[in-house]
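Worksheet: one structure, shown below.
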Amino acid sequence: NAVGIDDIAIYSPGHYYDLADLAAAHGIDPAKYTKGIGQERMAVPSPDEDIVTMAANAVAPLLSDGVRDAVSTVIFATESGIDQSKSAGLFVHGVLGLRPNCRVVEFKQACYGATAGIQFACDLVRQRPAEKVLIIASDIARYERGSEGECTQGAGAVAMVVSANPRLIEIHPQSGLFSLDVMDFWRPNHRSAALVDGKLSIDVYLRSLTEAWADFRRKGGLPLDAVDKLCFHQPFTKMAKKAFGALAEAAGPEAAHLGEASYADSQVYGRLIGNTYSASLYIGLCSLLDNCAENLGGRTIGLFSYGSGSVGEFFTATVRPSYRRYLRADAHRTMLDARQRLDDATYAAWFYEVPKQVEDRALPQEAAGRFRLAAVEEQRRVYEEAIPE
Ligand code: CAA
């Protein structure tokens with residue numbers, strides 16, 4: 001019986017910083033960002049947004065009565081957690097009034113966490129087909145101000161329902177894996193910005209891709225000539241191009257039919273949002289489904305997930321025949337089109353000063369989404385539904 005993704009929605013903040021402004025601020029040719037890195041804008045959370053509010057805004061549209069009643073497990077993947085102990089998923093559980101009879105847990109392995117979630121969810125549902133699993137990935141990608149990583153920053157969340165007989169994509173059981181203990185990107189507990197060895201991270205990403213794909217083939221996974229589209233973890237869209245080049249070279253004639261068109265539609269949202277770490281691959285998948293002009297029903301997608309540190313996984317999925325009926329493409333486009341551009345000072349204050357605030361505070365309304373962080377009271381985060389449905 002088919003198991004896979006039954007529903008998907010994304011959320012990204014209502015404000016962005018234009019990379020042309022970042023280039024001007026740093027005296028850099030803007031083409032380095034738009035062409036060399038392949039990014040146009042970075043989504044910037046307002047002070048009253050965090051990984052929980054982005055997650056709640058992504059999950060809310062998925063909560064039909066049928067989903068509420070059947071969710072047995074909530075998996076929240078993030079590498080920008082707000083608490084060392086409590087799962088961010090429990091805040092979402094509370095804000096959205098999910099049923100008490102379910103388990104809620106947070107997964108962390110850099111940008112890879114949501115893929116672990118998807119695989120565990122598929123196996124849970126294969127065991128107990130009546131249950132549904134809610135996977136949430138939500139992250140704020142932050143580097144040092146003025147560092148080379150700054151242009152790849154972003155923020156966003158994706159929410160997915162994994163079920164039997166999924167309406168969107170069936171995930172195949174085979175997957176190829178590659179793990180390596182390496183310091184290419186990391187964030188010690190006392191830091192809000194990641195540390196990164198950029199060139200090393202690209203090398204390890206590409207090695208993980210070819211090694212995970214080789215493992216996938218050894219285990220009987222589909223050859224690339226049976227794959228129609230590709231979707232790569234996308235810290236910046238140029239990385240997908242590098243990934244495609246490495247995979248095509250490793251696969252040789254199997255990949256001869258695949259070109260830039262096989263992954264271009266997966267880049268549309270990422271180019272406007274920036275890196276979203278654990279959410280990035282699945283925002284890419286949503287971008288592919290939402291933006292591909294041809295009907296993908298019955299087509300096969302190859303997906304590569306990478307989390308620095310590092311874990312890589314290659315797997316495949318088949319798009320279900322009627323998937324188009326269940327997409328939220330219009331809502332996603334409307335959300336991205338409605339965003340407001342930030343000036344340099346507001347971007348710098350929101351992105352770099354807000355994470356330093358640890359004291360109790362009330363937060364004025366800035367967020368564009370339905371759910372927001374209203375205050376921190378006695379070190380407790382207080383969320384509210386600011387814009388009723
Ligand atoms: N016009 C057009 N292109 C230009 C240009 C110009 N004026 N100036 C430079 N470029 C091109 C360069 O030729 C280069 O292209 P190629 O990569 O195709 O060679 C590209 O722009 C980038 O230039 P640099 O290599 O000089 O870039 P950089 O040293 O400033 O840093 C980076 C790039 C390492 C990716 C940096 O942004 C970074 O550290 N990013 C964060 C880490 C990251 O995202 N790593 C990816 C793999 S790890 C991962 O995937 C996990 C994760 O999410 C973090």
Side-chain angles (χ1 to χ4, degrees), residues 19-20 22-40 42-43 77-80 108-116 137-158 178-187 191-212 231-247 249 260 263 266-267 269-271 273-284 303-314 351:
L19 291 195
L22 180 68
H26 292 336
I28 284 176
D29 177 0
K32 170 166 180 184
Y33 296 155
T34 51
K35 296 202 168 63
I37 296 285
Q39 292 300 120
E40 280 172 36
M42 75 170 79
T78 188
E79 59 175 296
S80 41
K108 178 181 71 183
Q109 178 18 59
C111 309
Y112 168 77
T115 300
S138 182
D139 264 312
I140 299 169
R142 183 183 289 108
Y143 297 89
E144 287 288 324
R145 179 119 166 95
S147 70
E148 278 129 13
E150 186 179 0
C151 60
T152 70
Q153 295 177 147
V158 60
F178 183 74
S179 289
L180 187 71
D181 178 9
V182 61
M183 296 303 277
D184 61 330
F185 168 107
W186 68 106
R187 186 169 64 82
R191 294 181 60 98
S192 63
L195 294 165
V196 65
D197 182 338
K199 303 291 184 229
L200 176 67
S201 73
I202 292 175
D203 290 348
V204 183
Y205 176 119
L206 296 176
R207 178 172 172 209
S208 299
L209 167 59
T210 52
E211 297 270 10
C231 195
F232 302 100
H233 167 60
Q234 218 165 212
F236 50 96
T237 67
K238 180 66 151 313
M239 194 65 224
K241 186 177 182 180
K242 291 180 193 287
F244 176 71
L247 184 61
E249 192 185 326
E260 197 184 334
Y263 60 90
S266 72
Q267 299 176 306
Y269 293 157
R271 194 186 301 281
I273 292 173
N275 199 353
T276 49
Y277 292 161
S278 62
S280 167
L281 171 65
Y282 298 95
I283 289 182
L303 297 109
F304 175 64
S305 180
Y306 177 71
S308 290
S310 65
V311 179
E313 179 159 350
F314 188 93
F351 219 84

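Atoms within each ligand, like the ligands themselves, are counted from 1 in listed order. The chain is numbered in sequence order, starting from 1. Side chains are part of it too, since the values below use all heavy atoms of this structure and drop only hydrogens, waters and symmetry mates.
The atoms of ligand 1 that sit less than 4.0 Å from any heavy atom of Phe185 are 54 (C). Listed by number with element, the atoms of ligand 1 under 4.0 angstrom from any heavy atom of Cys111 are 51 (C), 52 (C), 53 (O). Residue contact check: Gly198 has heavy atoms under 4.0 Å from atoms 34 (C), 39 (O) of ligand 1.
Considering Ile202, Asp203, Asp29 only, the shortest heavy-atom separation from atom 7 (N) of ligand 1 involves Asp29. Looking at Ser147, Gly36, Ser208 and measuring to atom 3 (N) of ligand 1, the nearest heavy atom belongs to Gly36. The heavy atom nearest to atom 6 (C) of ligand 1, out of those in Lys238, Lys35, Lys32, is found in Lys32.
When side chains are defined from C-beta on, Arg142 counts as touching Ser192, because their heavy atoms get closer than 4.5 Å. For the pair Gln39 and Tyr33, the minimum side-chain heavy-atom distance is 4.5 Å or more. Side-chain contact between Phe351 and Tyr143 is absent, with no heavy atoms from C-beta onward closer than 4.5 Å.
A donor and an acceptor atom, one from each side chain of Thr115 and Tyr282, are located under 3.5 Å apart. Asp139 and Ser80 are linked by a side-chain donor-acceptor pair at a separation below 3.5 angstrom, with hydrogens and angles left out of the test.
Under the 4.0 angstrom criterion, atom 13 (O) of ligand 1 counts as lacking any protein heavy-atom contact. There is no protein heavy atom less than 4.0 angstrom from atom 32 (C) of ligand 1.
Not one N or O of Tyr306 is nearer than 3.5 Å to an N or O of ligand 1, by distance alone. The shortest N or O to N or O distance between Ser308 and ligand 1 is not under 3.5 Å. Residue His233 has at least one N or O atom closer than 3.5 Å to an N or O atom of ligand 1.
When hydrogens are left out, the protein atom nearest atom 54 (C) of ligand 1 is Tyr143 OH, 3.3 Å; that is the closest non-hydrogen contact. Ranking protein heavy atoms by distance to atom 47 (C) of ligand 1, first place goes to Ser201 OG, 3.4 Å. In this structure, atom 29 (O) of ligand 1 lies nearest to the protein heavy atom Lys199 NZ, 2.9 Å. Atom 42 (C) of ligand 1 has as its closest protein heavy atom Val196 CG2, 3.6 Å. Looking from atom 38 (C) of ligand 1 to the surrounding protein, the closest heavy atom is Gly149 CA, 3.8 Å.
Here the closest non-hydrogen pair linking Cys151 and Leu19 is O-CD1, 3.5 Å.
In summary, the aromatic rings of Phe232 and Phe314 are positioned with their centroids too far apart to meet the 6.0 Å limit. Ring-centre distance between Phe244 and Phe304: not below the 6.0 Å cut-off.
Side-chain atoms of Ser179 never come within 3.5 Å of backbone atoms of Val311 as a donor-acceptor pair (strictly under, hydrogens ignored). The closest donor-acceptor contact from the side chain of Thr34 to the backbone of Pro30 lies under 3.5 Å.
Ligand 1 lies less than 4.0 angstrom from a heavy atom belonging to Lys242.
Between Glu148 and Lys199 there is no salt bridge, since no side-chain nitrogen of the basic residue lies less than 4.0 Å from a carboxylate oxygen of the acidic one.
Heavy atoms of Ala31 found under 4.0 angstrom from ligand 1 belong to the backbone as well as the side chain. For Asn275, every heavy-atom contact with ligand 1 shorter than 4.0 Å involves the side chain, none the backbone.
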